[in-house]
Engineer: 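Take this structure first; my questions come after.
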Number of protein chains: 2
Amino acid sequence: MSRLEDLCQQRGVKLTRPRRAVLQVLEESNDHPTVSDIHRRVTQKHHIALGTTYRILNRLTAEGVLRRCVFGDDKARYEPAGSPHYHLIDHDTGAIVEVSDDRLTALLKQLVRGLGYRMIACHVEIIGEIEDNSVRIRRRPRGNMVT
Amino acid sequence: MSRLEDLCQQRGVKLTRPRRAVLQVLEESNDHPTVSDIHRRVTQKHHIALGTTYRILNRLTAEGVLRRCVFGDDKARYEPAGSPHYHLIDHDTGAIVEVSDDRLTALLKQLVRGLGYRMIACHVEIIGEIEDNSVRIRRRPRGNMVT
DNA sequence: GTATATGCAAAAGCTTTGCGGGTTC
DNA sequence: GAACCCGCAAAGCTTTTGCATATAC
C-alpha cells in the first residue's frame, strides 16, 4: 500500500480502482501534470472517464492527499501533498524546479503572524531565468511557456 | 494622464477609449477584480465587448502594465503592475491582504540566485486564518471561498 | 446491504479568434 | 494613410453535473 493510498484510508476515502490508478500516476510523476496529462497517463493502462478524473482530483485535494497548483498557463496541475516547498519556473524552458527552504517557510509564518493570522498553506512561484554571462539561448518558443 | 496610461505610451501601446476605461477601473479598484468584474465595472459607463476586455487585459499584461494573479478559484484577476508584493488570503472571509516585505523579497532573490537563476517575477499567496483564541466564527460558507 | 463512486453525455463556464468596419497616431 | 483596434458572434477548452449502473466496505 503506497503512502498516498495510506493517506486516503486514514481520511476515509474509499480506494477504488480509478483512484488507485490516479494516485499511482502521481506518485510516478516528477513533473506537475495537468488534468488531461493525468487522464492520458492513466488511460494507457486503465479505462477512466475524464469526468471521473476531475472528480477524483477534486476529492483528493479537498482531503489533503493532493495539492493543486496553477502556473502561468492557468491550467490546474497536481502533485502529492507534502512538506511545504516552492516552485521556481524557468522562464525560457518552462522547467519547474522544486525548492525547499526552511528560512523562507519561517519568514512567511512570521510575516502572517505579524498581521494577526496563522498560516494554513502557501503557494510560492518564482519566475526566473538562468543567470549566465555568456550568450543566452532561448530554448523554447515563447508561446508554449509556463509562466 | 494617469500613471498606467503613461506606461502604455512608453511601451508603444495605443491609447484607445476601451483601454483607457479598463485602466481607469483598475486604478480605482483596491480589490483584485476578475475579468468579468472589470467588464461589469467598465460597462457601467462605456460600452465594451467582453472579448475586447480579454484582449486588452492580455495585451497590457504582456506589456508589463498589469499583473495577472490566479487565486484558489482559478479565475484570472488583475492589478496594476508595481513593486513586488504578496497576497495573504483570509481562509474564512476570502479577503485579500496585500503584503510588502523587503526581507521576503531579498530572501527569494537570494534563494534563486543560489540555484543559478535571476528572479524575473514572483507570486506569493499565503492562505491564513485569523489567530484568535476566542471562539472562531466561520464568516462565509466554504464553497464561495477564494482559497 | 448501503452508501458511495463511476461512466457517459450534456451543459456550463471561461477564454480565444475570425472578420468586417472603425480609430489612433 | 497605414497600422492597429474594436464589436460581434462563433468556436474551443476546461470543468462540472445528472442519472443509471456498478463497486467498496
Side-chain angles (χ1 to χ4, degrees), chain A residues 1 5-23 25 32-40 42-43 45-63 65-66 68-78 142-147, chain B residues 1 5-23 25 32-40 42-43 45-63 65-66 68-78 142-147:
Chain A
M1 167 107 50
E5 288 181 357
D6 248 343
L7 254 176
C8 285
Q9 285 209 320
Q10 286 174 35
R11 313 281 161 107
V13 175
K14 280 188 194 165
L15 280 176
T16 64
R17 200 156 148 56
R19 284 179 180 170
R20 283 178 194 274
V22 166
L23 288 176
V25 161
H32 293 73
T34 63
V35 178
S36 59
D37 289 337
I38 295 168
H39 181 246
R40 197 176 319 114
V42 169
T43 307
K45 302 195 80 176
H46 311 276
H47 176 93
I48 186 178
L50 181 58
T52 302
T53 310
Y54 275 98
R55 274 196 274 231
I56 290 175
L57 293 170
N58 285 340
R59 179 74 193 283
L60 296 184
T61 301
E63 298 287 349
V65 176
L66 301 178
R68 184 208 313 265
C69 21
V70 178
F71 300 141
D73 61 359
D74 285 9
K75 288 184 201 156
R77 292 163 185 274
Y78 292 86
R142 232 181 164 278
N144 299 333
M145 192 169 39
V146 170
T147 318
Chain B
M1 168 106 49
E5 288 182 357
D6 248 343
L7 254 177
C8 285
Q9 285 209 320
Q10 285 173 36
R11 313 283 160 104
V13 175
K14 278 186 193 166
L15 280 176
T16 65
R17 199 154 151 56
R19 283 179 181 171
R20 284 177 194 272
V22 166
L23 289 176
V25 162
H32 294 73
T34 64
V35 178
S36 59
D37 289 336
I38 295 168
H39 181 246
R40 196 175 321 113
V42 169
T43 307
K45 302 194 77 172
H46 311 277
H47 177 92
I48 184 178
L50 180 58
T52 302
T53 310
Y54 276 99
R55 273 196 274 234
I56 290 175
L57 293 170
N58 284 341
R59 179 74 194 281
L60 296 184
T61 301
E63 298 287 350
V65 176
L66 302 178
R68 184 207 314 265
C69 20
V70 179
F71 300 141
D73 61 358
D74 285 10
K75 288 184 200 155
R77 292 163 184 274
Y78 292 86
R142 231 180 164 278
N144 300 332
M145 192 170 39
V146 169
T147 318

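Model, not experiment: these values are computed from the prediction. Residue numbers start from 1 in every chain, and the chains themselves are labelled A, B, ... in the order their sequence lines are given, proteins ahead of strands. For the numbers below, each heavy atom of this structure counts, side chains included, while hydrogens, waters and symmetry mates do not.
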Engineer: Between atom CG of Leu23(B) and atom CG of Asp6(B), what is the distance when rounded to the nearest 0.5 Å?
Structural biologist: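 One finds 11.0 Å between CG of Leu23(B) and CG of Asp6(B).
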Engineer: Between Ile38(B) (CD1) and dC14(C) (P), how many Å, whole number?
Structural biologist: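 After rounding, the gap between these two atoms is 13 Å.
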Engineer: Tell me the interatomic distance from His47(B), atom NE2, to dC5(D), atom C1', rounded to whole angstroms.
Structural biologist: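 Value for this atom pair: 14 Å.
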Engineer: Search all heavy atoms of His39(B) against all heavy atoms of Ile48(B) and return the closest pair with its distance.
Structural biologist: NE2-O, 2.9 Å
Engineer: What pair of heavy atoms forms the shortest contact from Cys69(A) to His32(A), and how long is it?
Structural biologist: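 Looking at all heavy atoms of both residues, the shortest contact is SG-CD2, 4.0 Å.
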Engineer: Protein within reach of the bases, or only the backbone? For nucleotides 15-25 of chain D, mark each nucleotide 5' to 3' as B, S or -, using heavy atoms under 4.0 Å.
Structural biologist: BBBB-----BS
Engineer: Under the side-chain contact (heavy atoms from CB on, under 4.5 Å) rule, what do Val13(A) and Val65(A) come out as? Steps first, then yes or no, please.
Structural biologist: CA-CA 10 Å; Val13(A) 175; Val65(A) 176; 5.6 Å; no
Engineer: Expressed in angstrom and rounded to an integer, what is the separation of Ile48(B) atom CD1 from dG22(C) atom P?
Structural biologist: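 To the nearest whole Å, that distance equals 18 Å.
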Engineer: Please give, in whole Å, the distance from dT24(C) C1' to Arg59(B) CZ?
Structural biologist: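 Between C1' of dT24(C) and CZ of Arg59(B): 13 Å.
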Engineer: Does a donor on one side chain sit under 3.5 Å from an acceptor on the other, for Asp37(A) and Thr34(A)?
Structural biologist: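 There is such a pair (donor and acceptor under 3.5 Å, judged by atom type) between the side chains of Asp37(A) and Thr34(A).
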Engineer: Could you check whether any side-chain N or O of Arg19(B) sits under 3.5 Å from a backbone N or O of Lys14(B), counting only pairs where one atom can act as donor and the other as acceptor?
Structural biologist: yes
Engineer: Using atom OH of Tyr78(B) as one end and atom P of dC14(C) as the other, report the distance to the nearest whole Å.
Structural biologist: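 Taking OH of Tyr78(B) and P of dC14(C), I get 13 Å after rounding.
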